[in-house]
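The structure appears right after this line, and notes come after that.
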4 protein chains.
Amino acid sequence: MNTAVLAERIVEAGKRLFAEQGFHATGMRAIARAAGVSIGAIYHYFASKDEIFLAVLRQEYERRLQEARALWEQGLPASEIIRRVVELHFATLAGHKESVQLLSRAWAPETPALRAQVQALREEYAAYIAKFLEEGMEAGQIRRSHPLLTAYALLGLVEAVTGRALAEDEVARELLEVGPTELADMAWRALRPK
Amino acid sequence: MNTAVLAERIVEAGKRLFAEQGFHATGMRAIARAAGVSIGAIYHYFASKDEIFLAVLRQEYERRLQEARALWEQGLPASEIIRRVVELHFATLAGHKESVQLLSRAWAPETPALRAQVQALREEYAAYIAKFLEEGMEAGQIRRSHPLLTAYALLGLVEAVTGRALAEDEVARELLEVGPTELADMAWRALRPK
Amino acid sequence: MNTAVLAERIVEAGKRLFAEQGFHATGMRAIARAAGVSIGAIYHYFASKDEIFLAVLRQEYERRLQEARALWEQGLPASEIIRRVVELHFATLAGHKESVQLLSRAWAPETPALRAQVQALREEYAAYIAKFLEEGMEAGQIRRSHPLLTAYALLGLVEAVTGRALAEDEVARELLEVGPTELADMAWRALRPK
Amino acid sequence: MNTAVLAERIVEAGKRLFAEQGFHATGMRAIARAAGVSIGAIYHYFASKDEIFLAVLRQEYERRLQEARALWEQGLPASEIIRRVVELHFATLAGHKESVQLLSRAWAPETPALRAQVQALREEYAAYIAKFLEEGMEAGQIRRSHPLLTAYALLGLVEAVTGRALAEDEVARELLEVGPTELADMAWRALRPK
DNA sequence: TATGAATGAGAGTTCATTCAT
DNA sequence: GATGAATGAACTCTCATTCAT
């Protein structure tokens with residue numbers, strides 16, 4: 001379908017530009033140019049700039065959810081899953097820096113309506129992690145705690161460090177190196193049963 | 001001093017508006033109106049909108065640094081300091097919601113120059129926490145790890161949860177209630193010596 | 001083409017306003033109003049106010065170049081060409097006062113970038129005159145001298161007088177009357193071979 | 001008198017800045033800073049920015065008039081006076097570039113009131129030259145023509161070339177070199193009796 | 001006499017969105 | 001379906017000038 005092709009190109013262009021420059025600094029003209037489509041065409045597929053942004057984020061979160069699901073289904077022990085999720089985040093940073101930049105930069109949109117939707121996407125991801133934690137708690141693999149709170153805490157733990165690692169200074173290089181191991185250990189100490 | 005009065009009113013108005021609506025959604029006219037000064041007066045005290053934003057953030061981080069210093073100087077054990085810092089963050093959320101909103105929303109500004117400065121302020125705060133952690137490690141009160149990485153991880157841990165708690169739904173109320181205890185425990189488990 | 005229509009109306013409005021009030025005193029809003037278009041439409045056709053100004057000047061210099069070319073191609077003797085060029089300048093003053101005002105008023109714009117471009121347009125016109133002079137020198141019709149210098153000198157000679165003649169006082173009326181003859185004679189005495 | 005000292009410093013600062021950047025690009029703050037006085041002090045001595053500009057121009061034209069008077073009083077033949085006036089213009093360009101820039105750039109102010117006054121200053125200078133030409137005509141040293149028209153023509157002749165010579169390219173250097181001789185010759189051919 | 005804080009209209013420019021073709 | 005010309009409110013920032021001290 002031609003339709004899907006154009007929409008996909010718009011989302012890809014939007015992802016790159018939103019990640020590089022942020023939401024406000026990215027104009028519809030720039031997206032149209034980068035996607036090789038007309039402005040009119042964009043409005044044919046998306047109702048507004050907000051909708052493009054949401055489509056981009058949906059795709060990103062969807063990918064992360066799929067990665068998480070894939071890990072879960074391998075039946076590994078909880079500590080191993082946590083280690084791998086942390087590793088995955090750092091691998092994304094190395095291979096698809098834009099993806100991390102995107103989530104780091106467009107964290108909390110300023111328009112109330114958009115913010116609510118972005119936070120809903122984030123909640124969906126957090127809820128999935130919470131579900132995993134909950135099952136681990138019931139199986140005695142993970143210490144009991146408030147699952148959603150713990151999920152957000154883990155997300156924050158990792159994202160704060162990867163966010164800092166986006167800078168291109170000496171510190172960032174250090175964090176990239178020791179981050180995966182240190183964060184996985186830290187997370188596991190926080191989560192393991194007594 | 002009359003000078004300080006106007007500048008202070010501008011910073012206060014900016015803080016409230018930036019927190020409520022974010023950086024881009026807050027215009028100079030709105031700040032002027034809210035502060036009860038003319039637009040010209042704003043530019044007499046601040047070179048640009050960016051500078052107002054930075055002044056607001058500097059004030060916020062300064063306050064947090066002072067709180068942290070005050071805690072440290074009491075000579076409490078590390079676990080207690082951590083517990084109190086977490087409590088402080090949640091207390092701020094209850095008493096000065098705007099302060100948490102501000103830091104949550106203006107996490108990573110989109111303009112490169114502004115972003116660099118905001119991140120420098122954040123780094124200053126993180127470095128202070130890292131210094132505290134480092135002393136704790138040398139005294140055997142805290143497990144050895146990369147101090148700055150750990151500082152960012154702790155910040156992220158707390159901020160992700162307080163950020164979620166800003167919403168005014170049922171979940172947010174739950175997080176507000178169990179947050180302080182759960183997060184302090186979680187952090188301590190991650191930090192305590194073997 | 002509709003395109004050309006709007007752009008042309010913008011240039012015409014700009015020409016009139018720049019001539020009447022000068023570059024700085026003419027705002028984009030005034031141009032939009034005078035052209036009967038929206039401000040947005042202006043920026044659709046021109047990147048900046050400078051660009052409108054340059055388009056206006058390009059049109060003016062283009063017209064003058066065409067007039068000069070047309071004269072040249074008639075194969076008249078040099079003295080006759082000079083007489084007619086001077087006459088043409090005064091005729092423009094009578095028929096299109098705005099054209100003379102424009103060039104007189106926006107002689108040397110204050111912004112370096114704009115000034116460079118305006119002077120390049122002027123140089124193009126001067127260079128054409130210089131080429132004509134050079135051919136005349138080689139044919140022995142015109143006394144040998146530095147061609148470009150002489151071209152600028154002739155331009156200045158005429159423009160200083162037409163500039164003064166823009167005022168609407170008694171002196172201006174005198175200059176309008178005697179100007180064509182006196183200036184043509186003066187120029188020819190300066191240029192004719194020994 | 002302190003008064004005169006401050007006013008003089010303001011005029012000097014204004015002259016430099018107006019020449020370098022033009023009228024609009026030069027702000028009152030910049031003049032105050034360059035003159036080492038307060039903005040309030042400027043308004044104590046000058047009613048407006050226009051008045052500073054006029055004071056600057058008055059000083060410039062006054063100097064030129066004095067130079068012209070000094071030349072006249074030496075009782076030289078007309079051709080020699082003309083040669084020396086042209087030389088003087090080029091010498092000014094070499095020694096006080098700013099003076100030539102000033103007159104070249106702020107040629108025709110955009111505010112009607114200011115423009116009228118600037119043109120009046122120019123007319124005063126032209127009228128003096130015209131008076132000299134008139135005496136020369138009566139003495140048979142100079143060919144009969146409209147004196148004021150001829151004065152403006154001579155001014156334009158020289159100023160167009162010196163204006164072009166302000167650029168700092170190869171052509172400008174050429175004009176600086178051959179200008180004095182060529183222009184003086186050209187002017188004399190235009191003026192000398194049959 | 002001298003200061004510089006304060007004013008606020010107005011500048012050029014941007015940009016998401018619409019809609020006639 | 002697809003285009004991109006057109007809109008105009010809103011943006012940040014400048015600046016000559018005033019006036020209380």
Side-chain angles (χ1 to χ4, degrees), chain A residues 2-3 6 23-33 37-53 111, chain B residues 1-7 10 23-33 36-52 111, chain C residues 1-7 10 23-33 35-53 111, chain D residues 2-3 6 23-33 37-53 111:
Chain A
N2 196 12
T3 290
L6 284 202
F23 182 77
H24 281 95
T26 300
M28 293 299 266
R29 277 169 184 70
I31 297 175
R33 212 177 307 122
V37 304
S38 69
I39 288 193
I42 292 187
Y43 279 92
H44 185 70
Y45 293 105
F46 299 92
S48 65
K49 190 181 164 187
D50 283 15
E51 284 301 327
I52 303 177
F53 188 65
T111 314
Chain B
M1 259 174 276
N2 195 10
T3 290
V5 169
L6 283 208
I10 293 164
F23 182 77
H24 279 96
T26 300
M28 293 303 266
R29 281 167 181 73
I31 297 176
R33 211 176 307 120
V37 303
S38 68
I39 288 193
I42 293 187
Y43 281 95
H44 187 72
Y45 291 103
F46 300 93
S48 65
K49 191 182 164 186
D50 282 17
E51 284 301 326
I52 303 178
T111 312
Chain C
M1 262 173 277
N2 196 11
T3 290
V5 169
L6 284 207
I10 292 164
F23 183 77
H24 279 96
T26 300
M28 294 301 267
R29 281 160 183 78
I31 297 175
R33 211 176 307 122
V37 304
S38 69
I39 287 193
I42 293 187
Y43 281 94
H44 187 73
Y45 292 103
F46 300 92
S48 64
K49 190 181 164 186
D50 282 17
E51 284 302 324
I52 303 177
F53 188 66
T111 312
Chain D
N2 195 13
T3 291
L6 285 203
F23 182 77
H24 280 95
T26 299
M28 293 299 265
R29 276 170 183 70
I31 297 176
R33 211 176 308 124
V37 303
S38 69
I39 289 192
I42 293 186
Y43 279 93
H44 184 70
Y45 294 105
F46 298 92
S48 65
K49 189 180 164 186
D50 283 15
E51 283 302 326
I52 302 177
F53 188 66
T111 313

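Naming convention: chains lettered A, B, ... in sequence-line order (proteins, then strands); numbering from 1 in each chain. Keep in mind that what you see is a predicted model, and the values were worked out from it rather than measured. Side chains are part of it too, since the values below use all heavy atoms of this structure and drop only hydrogens, waters and symmetry mates.
For B:Ser38, the side chain to side chain contact (heavy atoms under 4.5 Å, CB included) partners are B:Ala41, not counting sequence neighbours. Under the rule for a side chain to side chain donor-acceptor pair (under 3.5 Å), C:His44 has no partner lying at least two apart in sequence or in another chain. Take A:Arg29 and apply the side chain to side chain contact (heavy atoms under 4.5 Å, CB included) test, not counting sequence neighbours, and it matches A:Arg33, A:Ile39. Take C:Thr26 and apply the side chain to side chain contact (heavy atoms under 4.5 Å, CB included) test, not counting sequence neighbours, and it matches C:Leu17, C:Phe18, C:Gln21, C:Ile31.
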Tabulate atom names and distances for all N/O pairs under 3.5 angstrom spanning the protein and nucleotides 18-21 of chain E.
none

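Within the 4.0 angstrom heavy-atom criterion, base atoms lie near C:His44.
Between D:Phe46 atom CZ and F:dA16 atom C1' there is a gap of 16 Å when expressed in whole angstrom units. Atom pair B:Arg33:CZ and E:dT7:P shows a separation of 15 Å (rounding to whole Å applied). Going from atom CG of B:Leu6 over to atom C1' of E:dG4 covers 13 Å, rounded to whole Å. In this entry the distance linking NE2 of C:His24 with P of F:dT14 reads 14 Å, nearest Å. Between C:Ile42 atom CD1 and E:dT13 atom P the separation is 11 Å, expressed in whole Å. In this entry the distance linking CD of A:Glu51 with P of E:dA16 reads 15 Å, nearest Å. F:dA5 atom P lies 7 Å from atom OH of C:Tyr45, rounded to whole Å.
Candidate nucleotides E:dT3, F:dC13, E:dT7 were compared by shortest atom distance to the side chain of B:Lys49, and F:dC13 ranks first.
Going from atom CD1 of C:Ile52 over to atom CD1 of C:Ile10 covers 6.5 Å, rounded to the nearest 0.5 Å. A distance of 6.0 Å separates OG1 in A:Thr111 from CZ in A:Phe23, rounded to the nearest 0.5 Å.
Between C:Gly36 and D:Gly27, the residue anchored nearer the 5' end of DNA chain F, judged by the nucleotide with its closest heavy atom, is C:Gly36. Nearest-nucleotide mapping onto DNA chain E: of A:Met28 and B:Ala41, the residue sitting toward the 5' end is B:Ala41.
For the pair B:Lys49 and B:Tyr43, the cation does not sit on the ring face, since its NZ or CZ is not both under 6.0 Å from the ring centre and inside 45° of the axis.
Checked by distance alone, C:Arg29 brings a side-chain donor or acceptor within 3.5 Å of a matching partner on the base of E:dG12.
A parallel orientation is assigned to the rings of D:His24 and C:His24, their planes being inclined by less than 30° (bins at 30° and 60°).
Counting heavy atoms from C-beta outward, D:Tyr45 and D:Val37 have side chains that stay 4.5 Å or more apart.
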Exercise for review: Dot-bracket for DNA chain F, please, read 5' to 3', with Watson-Crick or G-U wobble pairs under 3.5 Å on both distances, ( ) within the strand, [ ] crossing, | other strand, . unpaired.
Suggested key: .||||||||||||||||||||
